[in-house]
Amino acid sequence: QFVSLRQRILSAVQKNATRGDPRSVIRAIDQFCSQKEWAMNVGNEKGCILDSVVSEVNPATVLELGTYCGYSTVRIASLLPPYAKFITLEFNPDFAAVARQVIAWAGLEDKVQLVEGASSDWIPKIKEQFGIKTFDLVFLDHWKEHYLSDTKLMEECGLLRKGSVLLADNVICPGAPDYVEYVRSSPRYKSHYFRSHLEYTKAEENLWYLGIIE
Ligand SMILES: Cc1ncccc1-c1cc(O)c2nc[nH]c(=O)c2c1
Ligand SMILES: [Mg+2]
């Protein structure tokens with residue numbers, strides 16, 4: 001019967017990756033998506049930029065908006081110090097179900113909390129539910145329409161501090177122009193973008209890096 005793309009990605013991980021080896025999980029997904037079928041994982045080119053930002057920030061607290069199949073979740077979790085708290089929010093229960101299994105295959109289930117639901121519902125509850133004061137790093141990779149509203153919501157909820165870093169995927173494709181406009185014109189943010197390409201393609205893309213300065 002019909003097997004969904006996310007199921008085929010999971011099968012590729014279970015077939016080709018070694019349990020407990022995050023790098024083999026990343027490699028298996030990238031090979032599947034470059035050789036078999038495109039999927040909206042951040043991919044290896046942008047993934048290396050993500051890795052460098054995570055390593056530089058060395059965050060004690062991380063929020064990922066948009067888990068999908070857990071590709072970037074595994075990349076981030078594999079670089080975190082043991083005491084770090086990492087929350088990833090996924091709205092789609094089918095994606096969340098696959099991501100849990102991909103994260104478990106990588107042996108990282110103890111490093112990350114996958115929370116199902118809408119970011120706008122969960123962001124106001126994070127402080128009390130997870131005992132987190134502010135986030136050192138936020139990776140925005142969910143839905144372009146919510147980048148700006150969720151960033152404002154995080155500000156309002158006091159989840160961002162001077163020095164917090166926001167890293168946003170897909171600011172060009174599909175594009176989040178209102179978000180880019182807001183952060184570029186705000187005195188609170190120092191922004192920088194990393195030139196890259198849309199995952200598994202040659203299309204121009206940027207990872208938009210934001211440092212909060214005030
Ligand atoms: C799906 C798609 N088609 C053509 C071009 C780009 C995309 C695309 C790529 C991504 O990296 C995405 N990340 C998070 N959320 C998305 O909706 C999303 C969509
Ligand atoms: Mg993306």
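Just so you know, ligand 1 is whichever comes first in the structure, and atom 1 is the first atom listed for that ligand.
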Which value, rounded to the nearest 0.5 Å, describes the distance between [X] atom [atom1] and [Y] atom [atom2]?
{"X": "Ile87", "Y": "Thr73", "atom1": "CD1", "atom2": "OG1", "result": "12.5 Å"}
{"X": "Phe194", "Y": "Ser52", "atom1": "CZ", "atom2": "OG", "result": "5.5 Å"}
{"X": "Ser191", "Y": "Ile213", "atom1": "OG", "atom2": "CD1", "result": "9.5 Å"}
{"X": "Lys46", "Y": "Asn41", "atom1": "NZ", "atom2": "CG", "result": "10.0 Å"}
{"X": "Lys133", "Y": "Arg161", "atom1": "NZ", "atom2": "CZ", "result": "12.5 Å"}

Considering non-hydrogen atoms of the protein only, which is the closest contact for [atom], and what is the distance?
{"atom": "atom 15 (N) of ligand 1", "answer": "His142 O, 2.6 Å"}
{"atom": "atom 5 (C) of ligand 1", "answer": "Cys173 SG, 3.6 Å"}
{"atom": "atom 12 (C) of ligand 1", "answer": "Asn170 OD1, 3.2 Å"}
{"atom": "atom 18 (C) of ligand 1", "answer": "Met40 SD, 3.5 Å"}

Does the side chain of Lys111 come within less than 4.5 Å of Leu79's, by heavy atoms?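 In short, these two side chains do not touch, never coming nearer than 4.5 Å.
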Between [X] and ligand 1, is there a nitrogen or oxygen pair with a distance under 3.5 Å?
{"X": "Lys46", "result": "no"}
{"X": "Asn41", "result": "no"}
{"X": "Glu199", "result": "yes"}

Passes salt bridge (charged side-chain N to carboxylate O under 4.0 Å, His left out), Arg100 versus Glu116? Steps please. CA-CA 11 Å; Arg100 286 190 200 287; Glu116 284 181 48; 3.3 Å; yes
Give the numbers and elements of all ligand 1 atoms closer than 4.0 Å to a heavy atom of Asp169.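 Numbered from 1, ligand 1 contributes 11 (O).
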Atoms in ligand 1 flagged as close to Trp143, the criterion being non-hydrogen separation under 4.0 Å: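 So the atoms of ligand 1 that pass are 17 (O).
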Report the name of the N/O/S atom of Asp169 located nearest to the Mg ion (ligand 2). OD2
For the Mg ion (ligand 2), find the closest N/O/S atom on Asp141 and give its atom name.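 Among the N, O or S atoms of Asp141, the one closest to the Mg ion (ligand 2) is OD1.
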Mind checking whether Asp141 contacts ligand 1 via backbone (N, CA, C, O), side chain (CB onward), both or neither, at a 4.0 Å heavy-atom cut-off?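 The part of Asp141 near ligand 1 is both the backbone and the side chain.
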Given the ring of Tyr182, does Lys152 sit roughly above its face, with NZ or CZ under 6.0 Å from the centre of the six-membered ring and within 45° of the axis?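 Yes.
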Consider ligand 1: state whether an atom of it lies below 4.0 angstrom from any non-hydrogen atom of Pro174. yes
Would you kindly confirm whether Tyr68 and Val115 end up in one hydrophobic cluster when ILVMFWY residues are joined by side chain heavy atoms under 4.5 Å apart? no
Going by heavy-atom distance to atom 2 (C) of ligand 1, choose the closest among Tyr200, Tyr68, Trp38.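 The nearest heavy atom belongs to Trp38.
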As a test of understanding, state which of Tyr147, Tyr179, Phe91 forms a ring pair (Phe, Tyr, Trp, His ring centres under 6.0 Å) with His142. Tyr147
Checking only N/O/S atoms, does Asn170 have one that is under 2.8 Å from the Mg ion (ligand 2)?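 True for Asn170.
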